[in-house]
Amino acid sequence: MTAHLLRDDDLGVDAQRDVLELALALKAGSTTPRALAGQAVAVVFDKASTRTRVSFSVGIHELGGYPLVLDSAGTQAGRGESVEDTVRVLERNVAAIVWRTYSQDALRRAAAVSAVPVVNALTDEFHPCQVLADLQTIAEHRGGLAPEGPALAGRSLAYVGDGANNMAHSYLLGGATAGLDVRVAAPADYAPDPDVVARAREIAADTGARVLVTTDPHEAVDGVTAVATDTWVSMGQEDEAAERAAPFVPYRVDEALMARGDDAIFLHCLPVYRGMEATADVVDGPRSVIWDEAENRRHAQKAVLLHLVEERL
Ligand code: CP
Ligand code: NVA
């Protein structure tokens, strides 16, 4: 059966640790696989992107492959051709399909008809490639990977902001798999999907992770290894920008909040809106590791592609 990465919990504890180990080795240059030589990978965008576009394009090239980058607006999908028919064409031509879209359901439908791996490059609900890069970044800056078992056991991460968005959901699932103490602080009206929280708690029961959902940013950040936030207005929510501003103001990450962590690093998937979800002194300050995090997208995604393509062999 073809393996896909549609949401973070598609990788179990061992698979996630293997991917992160490989990502670190790829970054260090200790392995330089060309496993995609002579093959193409489709990278399809239904939404805007800078990092995902750049990191997949360059990463696929580094693996010896050809990145076939498509903006769906310029394809027949943009004129209503179905997800299934689009995938049936792509899978005859490529080794994997990387897709950024709106609904998770569309991605599930794509995977259901695809004989090649489908990778979630962000949906409204999850952003697993980003969280793998974030886990790699925590490992680099705070103690490395555990040699066995959950990859980041003993470390903790607080996500402060929109608890109902893709990043919050992916931190819950990916963080619980990694054995993190994962804490999400969000306004009550923007709390994570209860099904995702329940799934994270189920994973945590096996990995020794902890899962906290709170409305109190201080409770979330006290003593943590890493603090993360994200935009208050995700792609597709532009019409809600005005109503979303006020509820999140108490969740802005500033120096005072960062000081409650345990020498915590600052993470942000980017793009960042300085003065909104985080102050400029935090974003550009000494605790910020956002540029390493952005670079790690390429390494983590190369590891994902290698893992999925090898699974298929
Ligand atoms: N973090 C992230 O996915 O960035 P892009 O939207 O620029 O791809
Ligand atoms: N939550 C953001 C992440 C962007 C990388 C969005 O979906 O727009």
Side-chain angles (χ1 to χ4, degrees), residues 5-8 23 41-60 67 69-73 98-107 119-138 157 159-175 184-187 190-193 196 226 228-241 244-245 247-248 251-253 266-274 276-278 283 288-302 304-305:
L5 178 60
L6 305 185
R7 39 187 271 171
D8 307 74
V41 173
V43 190
V44 187
F45 291 98
D46 296 347
K47 289 176 175 172
S49 166
T50 299
R51 277 141 291 269
T52 306
R53 186 184 299 266
V54 169
S55 56
F56 269 111
S57 299
V58 177
I60 291 161
V69 180
L70 299 170
D71 282 307
S72 61
V98 175
W99 199 337
R100 167 167 290 194
T101 191
Y102 291 87
S103 87
Q104 189 71 15
D105 188 53
L107 206 68
V119 177
N120 181 349
L122 179 148
T123 60
D124 292 344
E125 289 162 72
F126 299 103
H127 197 0
C129 291
Q130 180 68 54
V131 163
L132 286 168
D134 289 20
L135 298 177
Q136 180 181 352
T137 309
I138 296 171
L157 174 130
Y159 170 84
V160 180
D162 183 1
N165 79 4
N166 39 25
M167 286 304 300
H169 291 152
S170 278
Y171 280 129
L172 282 165
L173 297 186
V184 174
Y190 298 94
D193 180 338
V196 174
T229 186
D230 185 15
T231 180
W232 297 338
V233 184
S234 285
M235 289 180 277
Q237 298 173 338
E238 290 77 5
D239 291 350
E240 300 170 28
R244 282 177 158 267
F248 288 108
Y251 297 85
R252 179 173 293 139
V253 178
F266 173 74
L267 295 165
H268 192 304
C269 62
L270 305 175
V272 62
Y273 300 88
R274 290 172 177 78
M276 300 295 278
E277 69 267 20
V283 173
S288 175
V289 293
I290 57 175
W291 306 120
D292 290 341
E293 181 186 4
E295 177 187 336
N296 287 341
R297 292 292 302 279
R298 174 161 49 92
H299 309 299
Q301 289 159 189
K302 284 169 70 179
V304 164
L305 288 172

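Side chains are part of it too, since the values below use all heavy atoms of this structure and drop only hydrogens, waters and symmetry mates. Atoms within each ligand, like the ligands themselves, are counted from 1 in listed order.
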Within the 6.0 Å centroid threshold, strictly below: F248 and Y190: yes
among protein heavy atoms, the one nearest atom 4 (C) of ligand 2 is L122 CD1, 3.9 Å
Protein heavy atom at shortest distance from atom 4 (O) of ligand 1: R51 NE, 2.8 Å
Do any nitrogen or oxygen atoms of [X] come within less than 3.5 Å of a nitrogen or oxygen of ligand 2?
X    : answer
M235 : yes
R100 : no
D230 : yes

When you compare the side chain of E125 with that of R7, does any pair of heavy atoms fall below 4.5 Å? no
Within less than 4.0 angstrom of ligand 1, does R100 place any heavy atom? yes
With a 4.0 Å cut-off on heavy atoms, is R53 touching ligand 1? no
Ligand 2 versus N166, non-hydrogen atoms closer than 4.0 Å: side chain, backbone, both, neither? side chain
Under-4.0 Å heavy-atom contact with ligand 2, by part of D124 that carries it: neither
Less than 3.5 Å apart, any donor N or O on the side chain of T229 or E277 sitting next to an acceptor on the other? no
Would you check if there is a donor-acceptor pair between the side chains of D292 and T137 at a distance under 3.5 Å? no
S55 and side chain to side chain donor-acceptor pair (under 3.5 Å): which partner among Q301, R298, R297? Q301
Is the contact between L270 and ligand 1 made by the side chain, the backbone, both, or neither, using heavy atoms and a 4.0 Å cut-off? backbone
Tell me, please: is T52 in heavy-atom contact with ligand 2, that is, under 4.0 Å? no
Locate the shortest heavy-atom distance separating W232 from R244; write the atom from each residue and the value. O-NH1, 2.7 Å
Is the closest N or O pair between L122 and ligand 1 shorter than 3.5 Å? no
